[in-house]
Q: 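First the structure, which I've put down as structure tokens, then a few questions once you've had a look.
Below, chains carry the letters A, B, ... as their sequence lines are ordered, and counting in each starts from 1. Keep in mind that what you see is a predicted model, and the values were worked out from it rather than measured.
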Protein chains: 2
Amino acid sequence: MTTTGLSRGEQKERTRRAILDAALGLSEEGGLAALSLRQVAKEIGIVPTAFYRHFASIDELGLALVDESFAALRAMLRDARALPRDSDSRSLVVAIANQSVAALVAHAQTSERHLRFLARERLAGPAAVRDAVRQQVQLVEQELAADLAQLPATRSWSASDLAVLSNLLVNSMLAHVEELGHAAGPADVEHIATTARRQLHMVLVGTLRWDSSR
Amino acid sequence: MTTTGLSRGEQKERTRRAILDAALGLSEEGGLAALSLRQVAKEIGIVPTAFYRHFASIDELGLALVDESFAALRAMLRDARALPRDSDSRSLVVAIANQSVAALVAHAQTSERHLRFLARERLAGPAAVRDAVRQQVQLVEQELAADLAQLPATRSWSASDLAVLSNLLVNSMLAHVEELGHAAGPADVEHIATTARRQLHMVLVGTLRWDSSR
DNA sequence: TGTACATCAGTGAACGCGCGTTCACTGATGTAC
DNA sequence: TGTACATCAGTGAACGCGCGTTCACTGATGTAC
């Protein structure tokens, strides 16, 4: 144990963060299910047994990452919702699409690994983590559906159609985050953002003309 | 080695199939990256070393599964494309959506594990497998874009907008396959199919009104 | 302020286990004559 | 058809390695007086 200027609590928190960050990075190659406690320990320079001072198991670490990741996702959605009321865009829908993609790109820079964690572990995670992600994604979809219900264009929509559109948007959003994660440089990011924007324009302009009563 | 009525070649092929099937099933829990050669061998009742008579490594097995899975995906798309020309549906777009979802449900029954394998390993697979899946998905998207370009409604669309819509459709399709994989029973399958159909109606009816020139 | 004691994050040895991979082998299937 | 030999899918022992987990420990930080 080395001497630092930090209090015991501060040092413990610092190690906990290092574990979470290392797990987030290392799980990008093969997923959380293929991650070992010893890899994490080696990465951050602690002895494997020290891991147990912070988490009871890899699964518990995974659930902590699920919590953090959904905080990031919700922060992104909060920004996406924050429409400039004095928007000079040609229509409300276009303004929504632009604002949403702006939030996506901004949060992809700070929370990219967390958001990709969700997309990945939803499909490939250990059962406990996978189920937690699925449950939380469902909640996020419900929240988004409630947002969509506020739009004038969805006045006559059924609840199930709102859910269907919300599901489409959440899935697409996570897919775009994944693409941003493989971006080669700033120019590539801009290209992906442009594509995402155009796709969202397309879907929203199209679907918001949708008549839920058929 | 037991005596069977099979020729050497037939028996070898049978073991190879058993390895592929076992890998497909076992990789559902945690992904291919968390799968071990010994698990596969134990599952099908051969000794671990016998694996090497069929594949040089787990990665090579993974690439074989990628090939099989894309054959399944392409077969599904072929059926989705096979529109009944004398359709009595209210519009061409609705007929397309219905036919596509019918193909999805039909192939989800026979190829469910292969299709879910693609969705999962595209995000969480070992690097070699992940890259192979991504490359093939891109090709499938291009093929679908070429299909979409045949529709009267896309006559004025740009190539990039066709690609954007194609990307949306492929992502959504894989998401629906994933949901079908967790269906509880026949009633649940029907519910998911209904949702998928409605979503596809929504998107196609909406976007095919889209004016690519803005 | 100084001292004596408690706390507890991180250490290091040790364990049994499953891993991928090597190697020489066995014996049923296949083939040449 | 029968015999002698070749092929090769599957066997089983062995290896060194990384795994999760246990346990008693160390020594800096924190606290009571």
Q: Please determine, by modelled atom types, if B/R120 and B/S27 share a side-chain donor-acceptor pair under 3.5 angstrom.
A: yes
Q: Any side-chain donor-acceptor pair under 3.5 Å between B/S7 and B/Q11?
A: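 No donor-acceptor contact under 3.5 Å links the two side chains.
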Q: What integer distance in Å separates A/L35:CG from D/dG18:P?
A: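 Computing the A/L35:CG to D/dG18:P distance gives 16 Å.
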Q: I need the CZ-P distance between B/R53 and D/dT11, as an integer number of Å.
A: 11 Å
Q: Give a yes/no on whether any side-chain N or O of B/S36 is located under 4.0 angstrom from OP1 or OP2 of C/dC19.
A: yes
Q: Under 4.0 Å between a Lys/Arg side-chain N and an Asp/Glu carboxylate O for B/R116 and B/E112?
A: yes
Q: Between B/R122 and A/E178 (salt bridge meaning N to carboxylate O under 4.0 Å), is one present in this structure?
A: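 The answer is no: the pair does not qualify as a salt bridge.
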Q: I want to verify a distance call: between C/dT21, D/dT21, C/dG10, whose nearest atom is closest to the B/P48 side chain?
A: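 Among the listed nucleotides, the one closest to the side chain of B/P48 is C/dT21.
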Q: If the threshold is 4.0 Å, N to carboxylate O, is there a salt bridge linking B/E121 and B/R134?
A: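 So B/E121 does not pair with B/R134 through a salt bridge.
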Q: Between B/E10 (CD) and C/dT29 (P), how many Å, whole number?
A: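 Rounded to the whole Å, the gap is 12 Å.
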Q: Is the backbone N or O of B/L148 less than 3.5 Å from a side-chain atom of B/T154, with the two atoms forming a donor-acceptor pair by type?
A: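 The answer is yes, because a donor-acceptor pair under 3.5 Å joins these two groups.
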Q: Between A/R17 and A/E68 (salt bridge meaning N to carboxylate O under 4.0 Å), is one present in this structure?
A: yes
Q: Using a 3.5 Å limit on both pairing distances, list the dot-bracket string of DNA chain D from the 5' end; Watson-Crick and G-U wobble pairs count, crossing pairs take [ ], interstrand pairs take |.
A: .||||||||||||||||||||||||||||||||
Q: Just checking, is any N or O donor in the side chain of B/N98 or B/H201 under 3.5 Å from an acceptor N or O on the other one?
A: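 Yes, a side-chain donor-acceptor pair sits under 3.5 Å.
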Q: Calculate the interatomic distance between B/I46 atom CD1 and C/dT26 atom P; express it in whole Å.
A: 20 Å
Q: With respect to the side chain of B/Q11, which nucleotide from C/dT11, D/dG10, C/dC19 is positioned closest?
A: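 Shortest atom-to-atom distance from the side chain points to D/dG10.
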Q: Roughly how many Å is it from CZ in B/R38 to C1' in D/dG12, rounded to a whole number?
A: 11 Å
Q: Are B/N167 and A/E179 close enough, and set up right, to give a side chain to side chain contact (heavy atoms under 4.5 Å, CB included), and what steps lead you there?
A: CA-CA 11 Å; B/N167 170 268; A/E179 283 162 29; 3.6 Å; yes
Q: Distances under 3.5 Å only, N/O to N/O: pair up the protein atoms with those of nucleotides 3-7 of chain D.
A:
unit_1, atom_1, unit_2, atom_2, d
D/dT7, O2, B/R8, NH1, 2.5
D/dT7, O2, B/R8, NH2, 2.8

Q: Take atom OH of B/Y52 and atom P of C/dC19, then tell me their distance rounded to the nearest Å.
A: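 Nearest whole value for this atom pair: 12 Å.
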Q: For residues A/Q199 and A/T195, is any side-chain donor paired with an opposing acceptor at under 3.5 Å?
A: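 No pair is found: no donor N or O on one side chain lies under 3.5 Å from an acceptor on the other.
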Q: Regarding B/T15, tell me which of base, sugar-phosphate or nothing describes its non-hydrogen contacts under 4.0 Å with the strands shown.
A: sugar-phosphate
Q: Please tell me which of the listed nucleotides, C/dT21, C/dA9, C/dA13, lies nearest to the side chain of A/T49?
A: C/dA13
Q: Just the rounded figure in Å: distance from P of C/dT21 to CD1 of B/I58.
A: 9 Å
Q: Given that B/G9 and B/S57 both sit by DNA chain C, which one's nearest nucleotide is further toward the 5' end?
A: B/S57
Q: Assuming nearest nucleotide by heavy-atom distance, tell me which of A/K12 and B/A56 is located more 5' along DNA chain C.
A: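 Result of the comparison: A/K12.
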Q: Taking atom P of C/dC8 as reference, at what distance in whole Å does atom CD of A/E13 sit?
A: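 Atom-to-atom, A/E13 to C/dC8, this comes out as 16 Å.
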